[in-house]
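Quick caveat: nothing in here was measured; it's all calculated off a predicted structure. Just so it is clear: chains get the letters A, B, ... in the order the sequence lines come, proteins before strands, and each one is counted from 1.
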Amino acid sequence: MSKLQPVRGTHDLLPDEYRRFAHVVGAARDVARLYGYREMATPIFEFTELFARGIGETTDVVSKEMYTFKDRGDESLTLRPEYTAGICRAFISNGELTQQLPLKVFAAGPMFRYERPQKGRQRQFHQIDIEVLGAPEPGADIEVISVAADILDRLGILERCVLKINSLGDPECRAVYRKVLVDYYSGHIGKLSEDSKSRLQRNPLRILDSKDEGDKAINAGAPSFADHLNQASRDFFAAVKDGLAAAGIAFEVDPTLVRGLDYYTHTAFEFVTTHIGAQGTVLGGGRYDGLIAELGGPPTAGIGWAGGIERLMMLCNEPPAEPRPVVIAPLGAAAETKALGIARALRRQGITVEQDYRGNMKRRLQRANKINARAAIIIGDDELAKGVAQLKDFDSGDQREVALDALADALKV
RNA sequence: GCGGCCGUAGCUCAGUUGGUUAGAGCGCCAGAUUGUGAUUCUGGAUGUCGCCGGUUCAAUUCCGGUCGGCCGCCCCA
């Protein structure tokens, strides 16, 4: 069959699938608007440096998953692997945004990560994204999670998800805890899995949620982050949990929840599901108070999340049906010409009208049936002479004569 | 990046223990009195059996490679 294949890990969104895609993005956009978030977009590629500095050189995303290339001007560019760094860069690049704090934005678009594809994991995938910049208060954490919960709820996904949250503390107590953990695991290094041995250098917190049985045994005795949070971090986390409870959002505290991007502080959270295989995370994010300063901008707090559109599509309810069209089926050259004007007038009234480019009556009605039309307007020479049309209802099969100027009213739902 | 499963018509799949014309259902196309769909009936076409190479008198079937999908790990949305 030797067909042209799309690049590995990319896929086409054909109309039926795109409907679900648009449904997910539309629901997210609507809910975000209800909370006062404004939509924006940033470029699909940025200087490589932005992601390397922002996400962290040693993270998997940066060290082995980026689509990085030199352009013709010999600049190193990277297809964005996530949205947050780009939005923070836009914040720094556009001074006017610093006057609009807190800045609450919604965005959606394609992301690129060179990974081994699987269901729910493509190399080009799409995310919806929410960010709040300039709000160090726990209220922003609560709101951002609330937006997520409402979007999931509107899509019919919330009940199939669990919200897990954790605190990663501030940089000060995280550094302390990290050292405590490294010391602990170093004492058990002989029994650690190979994966975890390498994690010990890169991201020791990750060992906490290892799936390896041997690691799990060692983890049972590991010191807990909760015991090492400083007072400020403790208070912050408590405020977030209280707020979620007050808002009626169910959650579980998961001390092993650690996110893979270096910039997170304090709140980290994920909505996870068991319904789409190994790709359990449907939506995840957290607070990143140090990121903007790290990128060279004015010290500004940030919190946000990203949700995988393809994963949401796999879980969401069937989108609402599209409006059923009306088909206009003229017979003969004169009617064909006249039908163009009739169809356009009806469309101006908001009625979806399709007119085939060719075909006899049978063919046109067959196609009308195939596209799930609700009615057909049939016009031949006889009707033309009388200024009327035959209006056929496909569901009942009834057909009646309607004056041309009464068609729009007859077709209003 | 590591380990494993898989790849036959548009779709879902059967099949060839290596041997002339590779099948089914759905879908598609064409007909069943001159301007009427969906339902019914009749007929038709589906295809380099993912791609490349090897073994063989002979491969879609065996072997190797490759590309792609899927599952688990890693990682993440």
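For A/Arg116 and B/G4, a side-chain-to-base donor-acceptor distance below 3.5 Å is present, hydrogens and geometry of angles not being considered. Between the side chain of A/Glu383 and the base of B/G35, a donor-acceptor pair under 3.5 Å is found. With hydrogens and angles left out, the side chain of A/Gln122 and the base of B/A77 share no donor-acceptor pair within 3.5 Å.
For the atom pair CG of A/Leu291 and CD1 of A/Ile87, the computed distance is 11.0 Å after rounding to the nearest 0.5 Å. A distance of 9.0 Å separates CG in A/Leu168 from CZ in A/Phe237, rounded to the nearest 0.5 Å.
Nearest to the side chain of A/Val61, among B/G35, B/G37, B/C76, sits B/C76. Side-chain proximity of A/Arg113 to the nucleotides B/C76, B/G1, B/A38 is greatest for B/C76. Side-chain atoms of A/Leu365 lie closest to B/G37 of the nucleotides B/G37, B/A77, B/C71. Taking every side-chain heavy atom of A/Lys370 into account, B/C28 is the closest of B/C28, B/A77, B/G35. Comparing atom distances between the A/Arg311 side chain and each of B/C76, B/C67, B/C75 picks out B/C76 as nearest. Of the candidates B/C75, B/C71, B/A38, B/A38 carries the atom nearest the A/Gln366 side chain, counting heavy atoms from C-beta on. Side chain of A/Gln118, nearest nucleotide from B/G69, B/C75, B/C71: B/C71.
Projected onto RNA chain B by closest heavy-atom contact, A/Gly284 and A/Lys64 fall at different nucleotides, the more 5' of which corresponds to A/Lys64.
At least one side-chain nitrogen or oxygen of A/Arg8 sits closer than 4.0 Å to the OP1 or OP2 atom of B/G69. Within the 4.0 Å cut-off from OP1 or OP2 of B/U36, not a single side-chain nitrogen or oxygen of A/Arg363 is found. Distances shorter than 4.0 Å separate some side-chain N or O of A/Lys211 from OP1 or OP2 on B/C73. A/Lys362 has a side-chain polar atom (N or O) that falls below the 4.0 Å cut-off from OP1 or OP2 of B/G37.
Contact between A/Met66 and A/Val61 at its shortest, heavy atoms only, is CG-O, 3.1 Å.
Between A/Tyr184 and A/His188, the ring planes lie tilted relative to each other; the angle falls in the 30° to 60° range. A/Phe112 and A/Tyr67 have perpendicular rings, their planes meeting at more than 60° on a 0 to 90° scale where under 30° would count as parallel.
Within 4.0 Å (heavy atoms only), A/Glu194 reaches no atom of the nucleic acid at all. Within the 4.0 angstrom heavy-atom criterion, only backbone atoms of the sugar-phosphate kind lie near A/Ala306; the bases stay farther away.
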Intra- and inter-strand pairing of RNA chain B, written as dot-bracket with Watson-Crick and G-U pairs under 3.5 Å and | for the latter, reads (((((((..((((.....[...)))).(((((.......))))).....(((((..]....))))))))))))....
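With ring centers used as reference points, A/Tyr37 lies 6.0 Å or more from A/Phe106.
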